[in-house]
Amino acid sequence: MAIRAFLLCIILFSSSYTSFALYEDQVGLMDWHQQYIGKVKKAVFQTQKAGRKRVVVSTEENAIAALDLRHGEIFWRQILGVNDVIDEIDIALGKYVVTLSSGGSVLRAWNLPDGQMVWESFLLGSKPSRSLLLTPTNFGADKDNVILAYGNGCLHAVSSIDGDILWKKELAENGIDIQHLVHPEESDTIYALGIGEASKFEAYVINARNGELLKHSSKGFPGGFSGDLSLPTSEKAVVLDSSESSLVSVSFVGGEIKFQEFQVSDLQGYSGEAVLLPSKLAGMVAIKINRSLLLVKLKDEGTLEVVDTVPHVEAVSDSLSFAEGQTAFGLIQQDGGKIQLSVKSSNDWKSHFLKESIEFDQQRGLVHKVFINNYVRTDRTYGFRALIVMEDHSLLLLQQGAVVWNREDALASIIDVTTSELPIQKDGVSVAKVEHNLFEWLKGHLLKLKATLMLATPDDVAAVQRIRLQSAEKSKMTRDHNGFRKLLIVLTRAGKLFALHTGDGRIVWSRLLNAFHKSGTCESPRGIKLHQWQVPHHHALDENPSVLVVGTCGHNSDAFGILSFVDAYKGEELNYLAPVHSITQVIPLPFTDSTEQRLHLIIDAEGYGHLYPRTPEAVDIFQKELGNIYWYSVDINNNLLKGHVVKKNCKEEIADDYCFESSDLWSVIFPSDSEKIIATSTRKLSEVVHTQAKVNADQDVLYKYISKNLLFLATVTPKAMGDIGSVTPEDSWLFVYLVDTITGRVLLRMSHHGCQGPVHAVFSENWVVYHYFNLRAHRYEMSVVEIYDQSRADNKDVLKLVLGKHNLSAPVSSYSRPEIMTKSQSYFFTHSVKAVAVTSTAKGITSKQLLIGTIGDQVLALDKRFLDPRRTLNPTQAEKEEGIMPLTDTLPIMPQAFVTHALKVEGLRSIIAIPAKLESTTLIFAHGVDLFFTRLAPSKTYDSLTDDFNYALLLLTIVALVISIFVTWIWSERKDLQEKWR
């Protein structure tokens with residue numbers, strides 16, 4: 001009885017460890033979440049009131065955020081839609097953040113302390129125009145509280161209290177480009193200034209109270225205008241003429257327009273291409289000629305005078321009013337690894353309020369923007385701080401000659417991701433380190449034991465959580481036997497490469513690539529793709545792995561290409577080639593040379609293939625496989641799908657020995673009047689399939705049609721190309737195709753009447769799942785198609801399959817006509833989808849889960865069994881034993897299935913699944929404006945113990961079991977002895 005009771009206690013103890021939920025103290029053990037905002041476009045400081053000092057910014061990722069000036073942390077943040085671009089931002093009444101977005105169509109007010117939206121107004125107009133926002137500072141709280149917003153060709157006066165539109169005036173007539181709104185102090189008039197057709201200067205004088213047009217003046221300038229207007233005062237504007245050799249001063253007081261012209265060459269003898277900077281300086285304009293900045297003062301009589309010349313200026317701030325009648329502006333000069341910040345007075349240009357030199361990381365590139373703010377020192381004098389935006393999209397705060405904080409906001413715009421294994425741990429560890437690690441291990445497990453027995457104090461519980469989060473194993477810079485520790489190599493829109501540690505998300509290294517610097521030959525470099533270049537194995541383990549970064553010098557298909565080779569461990573740029581031939585497609589080949597560099601074939605705009613690495617050994621390897629190199633291309637604009645093959649070397653007069661000609665094998669043309677290509681999807685080349693055979697509940701064997709050459713393609717009718725609901729169900733068709741990319745043969749064509757895109761699809765093994773919208777049901781749907789190989793239907797003997805007497809090893813050729821069978825099913829899905837992926841494991845044994853990025857910026861893990869096309873309303877007992885679920889019309893969404901828990905990956909763009917060495921586990925990385933990483937076990941961790949498994953309790957249980965067995969044995973012996981004495 002004692003043994004039975006003790007075994008029962010053991011069962012109860014062990015069952016307490018089985019859990020399918022995540023406890024609060026487990027958050028952060030296997031996952032991390034990082035928040036970013038993107039490259040800052042505009043910034044407004046709020047430091048006047050007591051309390052937390054903050055800066056409110058708008059970014060290129062359509063984010064509005066309030067940042068703490070002490071540490072750079074995010075107080076609050078709002079992410080607008082992809083198409084809701086923020087044009088202007090300001091602070092009204094000291095308590096509202098006002099934003100104008102969507103081309104001047106939407107005006108919003110946000111509560112400054114917490115970021116909650118107070119009101120929203122939609123500003124309608126008839127003609128596209130630039131967006132302007134004006135919050136008059138001399139309208140007190142007891143007066144009109146008017147916000148002036150210009151967009152879509154109309155000027156609106158909006159109440160700052162509730163967002164009501166007080167009046168509206170249409171101004172964009174006959175192509176007039178309104179560029180400035182001016183509200184003179186202590187005046188009830190508003191000036192709207194712009195340039196119209198035939199380079200005429202246009203000035204509207206409007207009553208600020210009721211929107212009445214008081215006067216409209218127009219006057220042409222013989223030399224014409226070039227660029228935008230600069231507004232140094234509330235009465236005069238400055239603009240360049242069409243030749244960019246003269247400055248024109250424009251007076252518009254009372255609507256009377258007067259011009260005065262000045263030659264740029266007369267300004268202290270400077271000559272060259274002049275650029276009028278958009279910075280708003282009080283009484284001055286900033287002109288950049290070559291790399292020198294000319295500060296030109298506009299006098300009362302309208303004449304211009306050069307007051308200072310500053311060399312090597314990278315950025316100029318707007319004017320800042322900080323005391324009675326005092327204004328200042330900031331200049332940034334950059335020389336190598338130093339930034340020189342100068343704050344000059346707009347009233348006395350010879351004086352400097354501040355002049356500091358700060359050392360910084362050269363990997364941040366050049367300064368793009370600067371915003372300045374003042375504060376009062378302890379001695380009651382004024383100090384200045386500067387917020388600067390760098391070329392790599394990072395954000396820095398400079399104060400008192402030092403970098404107070406920095407933010408790596410380039411990570412909000414990741415383009416592509418690849419992974420790299422960490423170095424192997426070297427043999428030989430010091431005895432002291434072993435003793436220290438052993439002591440920490442014992443200490444941690446003793447604390448866990450106390451917590452399990454409910455004897456731990458609050459300090460002990462906090463210590464356990466701290467040990468879990470600061471686990472040395474988690475953040476070590478060496479490989480682990482489970483394959484959890486890796487480097488995530490990410491390429492950002494700024495052309496900067498980062499290596500993130502999967503253990504805690506920290507930045508291991510970062511590199512602003514030299515190949516992506518602007519130059520005379522490459523005006524607009526951009527990165528497009530990352531590829532693994534060298535992955536050392538076996539004899540080459542002494543060498544570091546490297547990655548290939550691919551980019552172009554523009555968005556055109558014939559733009560020059562950029563290739564950069566980067567060390568994955570150190571971040572060093574080993575080599576770069578720029579500019580090279582155009583790049584339209586990069587094909588990683590399944591071949592490596594003696595140094596384990598992977599061969600890549602890069603296709604240019606003319607269809608030629610260029611082989612890399614450019615070595616004779618690579619050419620020899622490629623020539624041996626010349627007849628087996630196929631690829632396809634999808635031309636969405638021309639509705640064309642093509643297959644290609646490599647033929648021979650290019651002619652000597654065209655290129656070198658590493659250039660190869662190609663020819664078209666086949667083409668599929670979709671009639672543009674009936675179908676438009678909207679989505680494609682293929683299998684991952686690195687995906688591992690564990691078995692090709694699938695045994696049903698009735699012992700029947702189905703063979704998966706496994707081919708890496710299959711392409712899923714979706715088309716819709718032209719009328720269904722618009723937004724959801726823009727077409728009737730009768731006029732909308734969605735077609736899906738499965739195409740063999742070697743032969744161009746269409747293996748499957750399915751149609752969905754009354755459905756339209758957008759379509760998100762994922763292809764894995766022998767099945768494809770795609771998501772779309774059903775107009776008839778007014779709901780989203782997900783469909784699954786599974787493909788099986790009927791040519792092996794005679795191999796249905798399970799005994800032969802077990803004994804290996806089958807023809808599964810027979811070669812499969814794409815040129816042999818396949819006999820396939822498909823099974824499909826559709827289900828309703830309640831969410832709109834941003835991205836779809838599928839889990840991936842090392843051997844392909846573990847069950848698959850779909851990773852769905854929802855419209856709410858969360859990641860949902862959905863078991864593939866819910867998308868089994870064999871589901872029926874009443875499955876048989878054998879089907880239930882196989883795991884087939886009863887058929888329902890809607891896919892279930894359980895709160896516990898969200899791998900992001902309660903977190904959001906704002907602006908979610910992509911989900912990447914990375915196999916770990918442990919078969920049960922896959923690594924998940926989701927990125928958008930935020931980053932999220934976690935580990936996922938679709939079939940639970942059947943091949944390992946959890947990280948928080950209590951070994952101390954297990955040891956205690958074993959010891960107690962041994963003692964109990966010994967005690968019960970003694971009791972049994974005594975009982976037997978007593979029985980014998982009777």
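For the 3.5 Å distance criterion, the side chains of Q363 and S510 fail to qualify, holding no donor opposite an acceptor. For the residue pair N406/S394, the side-chain donor-acceptor check at 3.5 Å is not satisfied.
Considering every non-hydrogen atom in both D84 and N62, the closest pair reads O-CG, 3.6 Å. Between Y569 and R479, the shortest heavy-atom distance links the atoms OH-NH2, 4.0 Å. Across W32 and G503, no two heavy atoms sit closer than the pair CD1-O, 3.8 Å. Closest approach of I86 to A63, counting heavy atoms only: CD1-O, 3.6 Å.
Using a 4.0 Å cut-off between charged nitrogen and carboxylate oxygen, R506 and D504 count as a salt-bridge pair. In this structure, E421 pairs ionically with K486, as a charged nitrogen and a carboxylate oxygen lie closer than 4.0 Å.
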Applying salt bridge (charged side-chain N to carboxylate O under 4.0 Å, His left out) to E687 and K848, what does each step give before you reach the verdict?
CA-CA 12 Å; E687 185 184 37; K848 299 284 187 180; 3.6 Å; yes
Before you tell me yes or no, could you show the steps for R407 and D409 under salt bridge (charged side-chain N to carboxylate O under 4.0 Å, His left out), namely the whole-Å CA-CA distance, both residues' side-chain angles and the distance that decides it to 0.1 Å?
CA-CA 6 Å; R407 294 181 53 87; D409 282 301; 3.1 Å; yes
Report the C-alpha separation of R364 and E408 in whole Å, then their side-chain angles, then the decisive distance to 0.1 Å, and conclude whether the salt bridge (charged side-chain N to carboxylate O under 4.0 Å, His left out) test is met.
CA-CA 10 Å; R364 300 192 182 279; E408 294 287 358; 3.0 Å; yes
If you apply the rule side-chain contact (heavy atoms from CB on, under 4.5 Å), what do you find for M390 with I388, and how did you get there?
CA-CA 6 Å; M390 304 299 296; I388 62 174; 3.7 Å; yes
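A side chain to side chain contact (heavy atoms under 4.5 Å, CB included) with Q340 is found for exactly one of E356, E314, K355, Q334, namely K355. For the side chain to side chain donor-acceptor pair (under 3.5 Å) with E61, the qualifying choice from H393, K39, R493 is R493, the only one to do so. Residue I332 is tested with L366, V313, L341, I372 for a side chain to side chain contact (heavy atoms under 4.5 Å, CB included); the sole match is L341.
Taking the six-membered ring where tryptophan is involved, the planes of F932 and H901 are perpendicular, since the angle between them exceeds 60° and thus also 30°.
Residues meeting the salt bridge (Lys or Arg N to Asp or Glu O under 4.0 Å) test with D361, sequence neighbours left out: none.
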